[in-house]
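Report on the following structure.
Every number for a ligand or one of its atoms is a count from 1 in the order of the listing. On a predicted model such as this, the values are computed, not experimentally measured, just so you know. Values below: all heavy atoms of this structure, side chains included; hydrogens, waters and symmetry mates excluded.
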Amino acid sequence: MRGMSYNITHECDAINILSDNLHEGAISEDMVALSGPAIELLENNVGSSKNSYQEDEGSSSIDENAPLISIKRKRRIRTVKSTSNKELVQRKASKPTKQKSVFTPLEQQYLELKKNYQETILAIEVGYKFRFFGKDAKIASEVLGISCYFEHNFLNASVPSYRIDYHLERLINFGLKVAVVRQTETAALKSTSSSRNTLFDRRVARVLTKGTTLDDSFFRFEQTQHGTLQASQFILCVADNVDKSKAKSGRVQVGLIAIQLSSGTTVYDHFQDDFLRSELQTRLSHFQPCELIYSNKLSSESVALLNHYVSTEKTCGRVVRVQHAVQQDVKLALENLQDFFSSKCIMSGSKIIELHMEKVKSLHSLSIICLDMAISYLMEFSLEDLFVASNFYQPFDSISSMVLSKQALEGLELFVNQTDHTPVGSLFWVLDRTYTRFGQRMLQRWLQKPLVDKENIIERLDAVEELAFNSNSQVQAIRKMLYRLPDLEKGLSRIYYQRGFYKAASAFSKNSYSCFKSALLRRLIQQLPSISSIIDHFLGMFDQKEAENNNKVDMFKDIDNFDLSEEPNDVDYELAQEIRELKMSILMVRTEMDFHLQELRDYLEYPNLEFSIWGNVKFCIEVSKGCKKIPPDWIKLSSTRSLFRFHTPKIQSLLIELSSHEENLTISSEKIYRSFLSRISEHYNELRNVTTVLGTLDCLISFARISSQSGYTRPEFSDKELLIHESRHPMIELLSDKSFVPNHIHLSSDGVRCLLITGPNMGGKSSFVKQLALSAIMAQSGCFVPAKSALLPIFDSILIRMGSSDNLSVNMSTFMVEMLETKEVLSKATEKSMVIIDELGRGTSTIDGEAISYAVLHYLNQYIKSYLLFVTHFPSLGILERRFEGQLRCFHMGYLKSKEDFETSVSQSISFLYKLVPGVASKSYGLNVARMAGIPFSILSRATEISENYEKKHRNARKNVFIRKVAKLLMILNAEEIDFKRLFYDLTAFEEI
Ligand SMILES: Nc1ncnc2c1ncn2[C@@H]1O[C@H](COP(=O)(O)OP(=O)(O)OP(=O)(O)O)[C@@H](O)[C@H]1O
């Protein structure tokens with residue numbers, strides 16, 4: 001340890017010298033090689049003004065900020081000028097023992113702490129402040145907008161203690177890791193102890209990051225509104241393994257563990273992914289992690305994607321913290337996990353350890369590796385017990401639900417709109433009428449993963465219907481119970497949340513469920529009273545008011561009969577005893593103080609004398625200035641024009657005694673409170689189940705509120721038909737001033753199951769296909785849909801290819817992304833899928849785009865036979881209506897041409913009818929939209945001319961190229977059974993190509 005302090009001293013000297021010389025340009029930066037800490041210190045020092053050195057000079061106060069020796073810096077600078085730096089460094093190195101530290105005791109303490117917390121901001125409690133030093137001070141000042149100044153050897157910044165929670169929240173929301181260093185001794189206790197003249201002992205009390213902060217009070221500044229997504233607290237740990245033999249194909253195995261500590265959720269997953277990391281992108285969209293743990297062996301494509309996620313989140317104002325971890329091989333990871341569970345479950349016996357290990361071994365090797373990394377990471381925060389206590393391990397995929405891809409979540413605007421990426425105008429914005437924050441989070445999960453099991457869907461719909469249209473008093477009771485319930489999921493074990501559980505448990509009697517018909521509601525309501533006895537037991541112990549004020553000293557009603565469990569606990573018993581004794585001692589000191597006051601009244605002959613408070617100073621005696629009876633040993637505190645304030649020696653000694661008892665009482669009360677919390681957490685799983693029940697009720701109520709609106713209908717399900725009358729778009733109808741034009745649709749698995757939709761730009765094509773997908777998602781989530789009537793198949797997936805975006809993370813062009821996404825859709829689609837392809841091929845030349853669209857449409861109809869909605873601006877694809885007669889039909893969005901159209905095509909304008917009508921629209925009227933957008937007339941006129949000439953000239957040449965391209969593409973798609981003769985006949989027969 002000594003050696004280390006010598007090194008630091010030595011480095012600091014060199015730094016002082018260097019920084020001063022650098023200011024003066026006397027030496028160049030590369031003249032002396034410095035070690036890491038030295039460079040850090042130098043960075044902190046350079047940039048500080050010389051004046052601050054001069055101000056420091058000669059300061060010799062003996063507080064903990066004062067340097068151990070004062071240093072004449074100016075003289076030292078002169079010495080340096082006459083000595084070479086190398087010589088100086090050598091000289092200093094040869095006489096280590098004579099060198100004394102230039103750091104103040106507090107700075108030395110900071111440096112000691114910093115050694116173990118290099119990547120962490122240290123917030124150090126010093127009296128009534130929390131202080132930051134060096135680089136930490138610089139960062140804190142930038143993030144918190146507080147001033148930063150140079151003092152002694154480091155930059156300094158500070159915040160008042162009473163605001164620390166607020167500032168910590170801002171630091172961790174900025175993606176920082178913060179260690180809170182607390183004084184382990186208090187002023188009062190220290191003043192009576194033998195170590196009163198030494199530095200306060202300080203230790204790291206807790207380490208915080210956004211994903212590891214369990215305390216909901218940190219997030220009290222977060223505002224939640226309907227339809228607004230809450231900040232995710234998922235920590236995502238990812239590892240992958242590129243199969244070298246298939247490296248060219250870009251195929252990779254990916255494993256992950258996602259942890260949400262606040263709700264005790266652990267999700268595991270592994271999957272095969274492509275070059276674009278589409279599956280990983282989908283997981284990122286679902287979890288929206290606020291922390292990412294990268295394995296050091298992660299492939300460059302995965303790293304690029306994760307980095308891209310971090311930077312896009314940043315542009316949306318959300319900071320994602322990145323942690324790097326060392327990946328072990330699976331054998332070592334298993335050994336680590338065996339050690340971990342053995343040490344944690346030592347009391348529970350080998351059977352429990354085996355059970356844990358069985359579960360672990362059932363995971364994919366990459367997920368095991370991730371679990372090992374995640375546990376190591378959480379150990380830093382002492383939060384690893386989650387993996388032992390919680391039985392909420394769950395797979396990401398489930399056979400009872402589908403997973404919507406990133407493209408679907410974004411393209412259908414499920415949670416944010418595509419215009420300004422805010423929640424307004426999203427499906428969630430329409431459907432979220434939840435009362436609680438945990439209900440809101442559950443609703444988000446429901447929409448991300450619609451159900452695929454018919455029974456489950458119908459069970460939800462029955463419950464929603466009953467809640468929407470039954471005026472049963474119990475329905476009111478559910479609403480009342482949910483209203484203003486705190487975030488029970490996040491604060492499961494927080495004492496003042498127990499009343500929330502109490503509210504839930506006591507809202508229903510044992511037989512309340514019987515007045516519901518819905519099986520789901522009956523099951524949910526039945527579970528609530530079961531926690532009554534647990535809650536009664538805990539609630540009975542504390543004073544609700546004091547608990548809500550977080551007053552731990554007076555929180556427990558009857559400390560004499562303090563018993564948290566059936567089996568009395570020695571530690572709690574001793575603590576309760578201690579608290580009793582301390583309270584008694586405090587009472588005695590106060591009584592003594594009262595006696596002393598009486599003595600003072602008699603002595604000063606002032607019967608109305610009372611103790612007063614001056615600022616923070618209690619038990620002051622105020623005496624008028626004319627009083628002649630003040631003994632010399634009274635301690636003068638302050639004065640006003642007319643009076644003096646004193647403490648007598650007796651008051652001072654009683655005060656020290658009182659403060660010491662009070663502080664001991666606070667410490668013991670905190671300990672007993674912790675014990676109380678750990679007892680509650682023994683019932684963690686029961687309480688967790690109740691939050692799931694309450695969350696489910698909240699989501700059902702939310703759906704019921706939407707479903708009871710006029711124009712919404714309960715969906716029915718069919719094995720082979722999709723028939724919706726007067727289908728509407730749930731968001732556009734709310735946002736648009738114009739009345740929404742509803743449309744009918746009829747598809748059938750053994751009849752027409754593909755619609756080819758053409759029409760003018762802005763004609764409503766995309767809106768139409770999106771509304772069908774949204775209706776399917778709503779129906780399969782258990783909500784009524786915006787239509788007159790709806791009969792739907794239960795889709796196993798909803799696959800979307802729409803829009804255009806490049807992928808900067810893997811350096812890909814818009815068109816490459818379009819093609820890879822199309823390939824993904826083709827590989828995932830089944831005959832039970834809904835597939836939406838909107839404007840495929842628009843990222844390339846017209847002829848290539850047209851050929852690709854043709855081949856994909858042909859392939860999907862011939863081989864996959866999904867329910868397909870194909871939107872295009874290529875009318876030539878209409879040829880396939882004949883090829884797939886009875887299976888594919890062409891429709892277009894209706895429009896009306898204005899009269900001018902017949903005179904001059906430039907000034908033509910069209911009116912949109914938004915009505916789906918049979919047939920192909922021969923033109924897209926793109927120039928009409930250009931005109932609406934205000935493109936100058938001269939440009940429009942020229943564009944019209946070129947467009948007409950082009951069409952006339954190239955029609956025939958295009959046909960042959962087109963046919964060759966389509967044939968080639970179909971072969972690439974592995975359409976081996978393709979009948980080329982037939983294809984050639986179809987294509988050449990179509991005159992319009
Ligand atoms: N059925 C409807 N009733 C009323 N307004 C509608 C309807 N459908 C769409 N709209 C309005 O028309 C606008 C354009 O619709 P949409 O984006 O679906 O057109 P589009 O045909 O896909 O256009 P483009 O081909 O240029 O992509 C929508 O933003 C909406 O305001």
Sub-4.0 Å atoms of ligand 1 with respect to non-hydrogen atoms of His873: 25 (O)
Is there a donor in the side chain of Gln418 and an acceptor in the side chain of Glu410, or the other way round, less than 3.5 Å apart? no
Is the gap between the ring centers of Phe415 and Phe428 under 6.0 Å? yes
Identify, for atom 1 (N) of ligand 1, the protein heavy atom at the shortest distance, and state residue, atom and that distance. Val741 O, 2.9 Å
Closest to atom 21 (O) of ligand 1 among protein heavy atoms sits Lys765 NZ, 2.8 Å
Testing the 3.5 Å rule here: is there a donor-acceptor pair between the side chains of Glu839 and Thr872? no
Taking atom types as modelled, is there a side-chain donor on Ser866 or Glu831 under 3.5 Å from an acceptor on the other? no
Between Tyr867 and Phe795, is the ring centroid distance below 6.0 Å? yes
Return a yes/no value for Ser736: is any of its N or O atoms, backbone included, closer than 3.5 angstrom to an N or O of ligand 1? no
Short N/O distance, under 3.5 Å, between Gly764 and ligand 1? yes
Ligand-residue contact atoms, ligand 1 with Gly763, heavy atoms, under 4.0 Å: 19 (O), 20 (P), 21 (O)
Heavy-atom distances under 4.0 Å decide this one: backbone, side chain, both or neither, for Arg728 against ligand 1? neither
Residue, atom name and distance, where the atom is the protein heavy atom closest to atom 4 (C) of ligand 1: Tyr914 CD1, 3.5 Å
Classify the contact between Pro760 and ligand 1 as side chain, backbone, both or neither, using a heavy-atom distance cut-off of under 4.0 Å. backbone
Shortest protein contact, atom 22 (O) of ligand 1 (heavy atom only): Ser766 OG, 2.7 Å
Phe768 N/O under 3.5 Å from ligand 1 N/O: no
Can you tell me which residue and heavy atom of the protein come closest to atom 27 (O) of ligand 1, and the distance to 0.1 Å? Glu839 OE2, 3.2 Å
Identify the closest protein heavy atom to atom 13 (C) of ligand 1: which residue and atom is it, and at what distance? Met762 O, 4.4 Å
Can a donor-acceptor pair be found between the side chains of Gln440 and Asp432 at a distance below 3.5 Å? yes
Is the distance between the ring centroids of Phe768 and His729 under 6.0 Å? no
Residues His744 and Glu726: side-chain donor-acceptor under 3.5 angstrom: no
Distance from Leu755 atom CG to His746 atom NE2, nearest 0.5 Å? 11.0 Å
Check this for me: does any side-chain nitrogen of one of Arg801 and Asp838 sit under 4.0 Å from a carboxylate oxygen of the other? no
So which heavy atom in the protein is nearest atom 28 (C) of ligand 1, and how far is it from that ligand atom? Ser767 OG, 3.9 Å
Please indicate, with yes or no, if any protein heavy atom is found under 4.0 Å from atom 18 (O) of ligand 1? yes
If you take all heavy atoms of Leu772 and Met834, which pair is closest and at what distance? O-CE, 3.8 Å
Answer side chain, backbone, both or neither: which part of Lys738 comes under 4.0 Å from ligand 1, heavy atoms only. neither
What is the closest protein heavy atom to atom 26 (O) of ligand 1, and at what distance does it sit? Asn761 ND2, 3.0 Å
